[in-house]
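See below for the structure under consideration.
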Amino acid sequence: MADKDPKSVSAALAAATCSLLGSLPAAPVQAEEEPNWDFNTALLYYGEDNDRVQDLSLNILARRDYLDDRFLTLGLTIDTLTGATPNGAIRQNVPQTFTRPSGSSAYTVPAGELPLDDTFKDTRAAITVGWEQPLGRLWKTGIGFSGSREYDYTHLGLSGSLSRDFNKRNTTVSAGLAVAHDIWDPVGGAPLPFAPMLDVGDTGNKTGSDTKNIVDAVVGITQVVSRRLLVQLNYSLSNASGYLTDPYKFLSLVDGATGDTIPRVPAPGAEGPSHEFRFENRPDERTKHSLYGQAKYYMSGKVLDASYRYMTDDWDIDSHTVDLRLRWPLGEYSYIEPHLRFYTQSEAGFYTISLVDGVELPAHASADYRLGNFDAITAGLKYGWKTSSGSEMSLRAEIYQQNGTIPGELLIGNQVGRETYPDLDAIIVQLSYHFSR
Amino acid sequence: MNRIRIATAGFTVLVALASGCSSMGVEPWERDILAREEMQLTADPVEAAIDDHIYFSKEASSGGRGFGGGGCGCN
């Protein structure tokens, strides 16, 4: 530097000054980064014991980051479902024959076994599109569309959300609204309320398709408590109206003294139900309230994710859900995450296991085990690791168990000791791959 | 009426929490840990969606974290 020509130094200074004043970079340095895509993908296997429902599912969620807090999200899910599911009828000491939902054939369940309908087979495709962007400095908004299609069901939904940051962005208050219009087009038609199951080929008990509308509203607050603790509290209100019945589920019509299902004889030459069955009928409106709290706590590298939800509805169902995950790093590139979930629900007011012959029918009734009184537990472990290319992979394996009880006052005669809640054991295996482009 | 009362109570709780929360929090330069991916409320959105869908199909409750989910005639 010492022996440099002073002229060249001043020329360089002049050039530098000119470039600073005259030709400032046209855009922030940040803009030189390309907007990037982030992909979360997962392959899921869900399988229930005793040849009940099996689901193989492919999930892709792509998120484009426009580097200015605007995001586009695109989701795709393909589910292939097979297996058998409880049809609602109770066990009998003799074989039972049922007409399939299509009305074109029948199936028989051996004596003493829980009646399962093995017709269940479906492919479901679902898409989501979402857009998020800031509105000024402290507000953020999002809109979304969802749609799904299966053989007998179509869903269309729209959602919107708005949030505002307070208190140096340590507090966020948010509100969201979602509306959905779903269409049931059941195989063989939607049964009329409490219609009897008829012989194969007789569709006099069914009509065409039906619809339901759902409105969900959520308000919430997210609070940074400290450098290591983040909490969220949400209240949500959900109202569903329209056809809320499951068109494939029915109830056994039983003798009021013995509790056994009333036998039935198909028409001469016809194939049909061996006993009297009545299709279920649920109220055409349901309002649910939920309170949800979640905390994320960082403990020297480990992250505890704990949540609790209380739900109550006007079908008299109350439920409590506790979900706990602990992400535990194993060195710099991998982690394990144990997961425990506890769930308990009370039965719907119109849940029952059978209808009594000769007695006036209730306004609503369903024997769907999912509306019954049960507890469920999920226990699992996830292992995640970073690949040499910087992507992330994870594998999780979980078991899900439902254990229910049928309230004693619902059991009649021989049903005592014979009828038990259709407990469920399922496994969940999921392989995830997360990468950016 | 009951619905309105519950909604009003919920909103009051949120406002009370929001005003009580103003003394909590961190400075902008103290967000290193909170910015980590695993500290996000929904750290794995696909897994969260899968779980919501499974439990929606098998239990009588849904939603809470977000909207009620659904969109299937799940058996």
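Please read all numbers here as calculations on a predicted model, not as lab measurements.
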Under 4.5 Å from any heavy atom of chain B - which part of A/Y343:
side chain
Against chain B, label A/L156 side chain, backbone, both or neither, depending on which of its atoms sit under 4.5 Å from a heavy atom there.
neither
Can you measure from CD (B/E59) to CD1 (A/I317) and round to the nearest 0.5 angstrom?
11.0 Å
Could you tell me if A/K288 and B/S61 have a donor-acceptor pair between their side chains, going purely by distance under 3.5 Å?
no
Would you find more than 12 non-hydrogen atoms of other residues, nucleotides or ligands less than 6.0 Å from A/K302 atom NZ?
yes
Whatever's closer than 4.5 Å to a heavy atom in chain B on A/R228 counts as both
A/E392 meets the side chain to side chain donor-acceptor pair (under 3.5 Å) criterion, sequence neighbours left out, with none
Go through the side-chain N and O atoms of B/Y55 and A/T321 and say whether any donor and acceptor fall under 3.5 Å apart.
no
Which one of A/R396, A/R325, A/K382 satisfies the salt bridge (charged side-chain N to carboxylate O under 4.0 Å, His left out) criterion with B/D44?
A/K382
Is there side-chain contact between A/R227 and B/D32, with at least one heavy-atom pair below 4.5 Å?
yes
Side chain, backbone, both or neither: which part of A/T128 has a heavy atom under 4.5 Å from chain B?
neither
List in chain and number order the residues that pass side chain to side chain donor-acceptor pair (under 3.5 Å) with A/Q402, two or more places apart in sequence or in another chain; answer none if no residue qualifies.
A/Y400
Heavy-atom distances under 4.5 Å only: say whether A/A348 touches chain B with side chain, backbone, both or neither.
neither
Got a second to check how far A/M311's CE is from B/S62's OG, nearest 0.5 Å?
8.0 Å
Using heavy-atom distances under 4.5 Å, tell me whether A/A178 contacts chain B through its side chain, its backbone, both, or neither.
both
Any idea which heavy atoms bring A/H339 and B/D51 closest together, and the distance?
CE1-OD2, 4.3 Å
Please report the shortest heavy-atom distance between A/V218 and B/G66, naming the atom on each side.
CG2-O, 3.8 Å
Heavy-atom closest pair, residues A/N167 and B/M24:
ND2-O, 3.2 Å
All heavy atoms of A/S159 vs all of B/F67, minimum pair found to be CB-CE1, 3.7 Å
Would you mind checking which part of B/L41 comes under 4.5 Å of any heavy atom in chain A, side chain (CB onward), backbone (N, CA, C, O), both or neither?
both
Chain A contact via B/Q40 - which portion, at a heavy-atom distance below 4.5 Å:
backbone
Please look at A/L424 and chain B and tell me whether the side chain, the backbone, both or neither of the residue comes under 4.5 angstrom of a heavy atom of that chain.
side chain
Do you know which of A/N59, A/L61, A/D368, A/V225 has the most heavy-atom pairs under 4.5 Å to chain B?
A/V225
In terms of heavy-atom contacts, does OH of A/Y45 have more than 12 from other residues, nucleotides or ligands at under 6.0 Å?
yes
Can you say whether A/Y298 sits under 4.5 Å from chain B via the side chain, the backbone, both, or neither, judging by heavy atoms?
both
Residue, of A/R149, A/E337, A/R63, A/R286, that accumulates the most heavy atom pairs under 4.5 Å with chain B:
A/R286
Ignoring hydrogens, what is the shortest heavy-atom contact between B/G64 and A/N234? Give both atom names and the distance.
O-ND2, 3.2 Å
B/I50 side, atom CD1; A/S432 side, atom OG - distance, nearest 0.5 Å:
6.5 Å
Output the distance between atom NZ (B/K58) and atom CD (A/E48), rounded to the nearest 0.5 Å.
3.5 Å
Which atoms of A/D79 are under 4.5 Å from chain B, going by heavy atoms: the side chain, the backbone, both sets, or neither?
side chain
Please find the pair of heavy atoms, one from A/S226 and one from B/V26, that lie closest to each other, and give the distance.
C-CG1, 3.5 Å
Need one label for A/V303: side chain, backbone, both or neither, based on atoms under 4.5 Å from any heavy atom in chain B.
side chain
B/R65 side-chain N/O to A/Y292 backbone N/O, donor-acceptor pair under 3.5 Å
no
When heavy-atom pairs shorter than 4.5 Å are enumerated against chain B, which of A/R52, A/K212, A/R327 gives the highest number?
A/R327
So for A/D152, is it side chain, backbone, both, or neither that comes closer than 4.5 Å to the heavy atoms of chain B?
neither
Between the CD atom in B/E37 and the NE2 atom in A/H434, the distance rounded to the nearest 0.5 Å is 5.5 Å
Using modelled atom types and a 3.5 Å cut-off, is there a donor and acceptor pairing between side-chain atoms of A/K296 and backbone atoms of B/E38?
yes
Kindly determine whether A/N170 and B/R31 satisfy side chain to side chain contact (heavy atoms under 4.5 Å, CB included), including the steps that lead there.
CA-CA 10 Å; A/N170 285 303; B/R31 288 186 170 264; 3.3 Å; yes
Side chain from CB out, backbone as N, CA, C, O: work out which of these in A/R341 comes under 4.5 Å of a heavy atom of chain B, or both, or neither.
side chain
CG/A/D55 to NE2/B/H53 distance, rounded to the nearest 0.5 angstrom?
7.0 Å
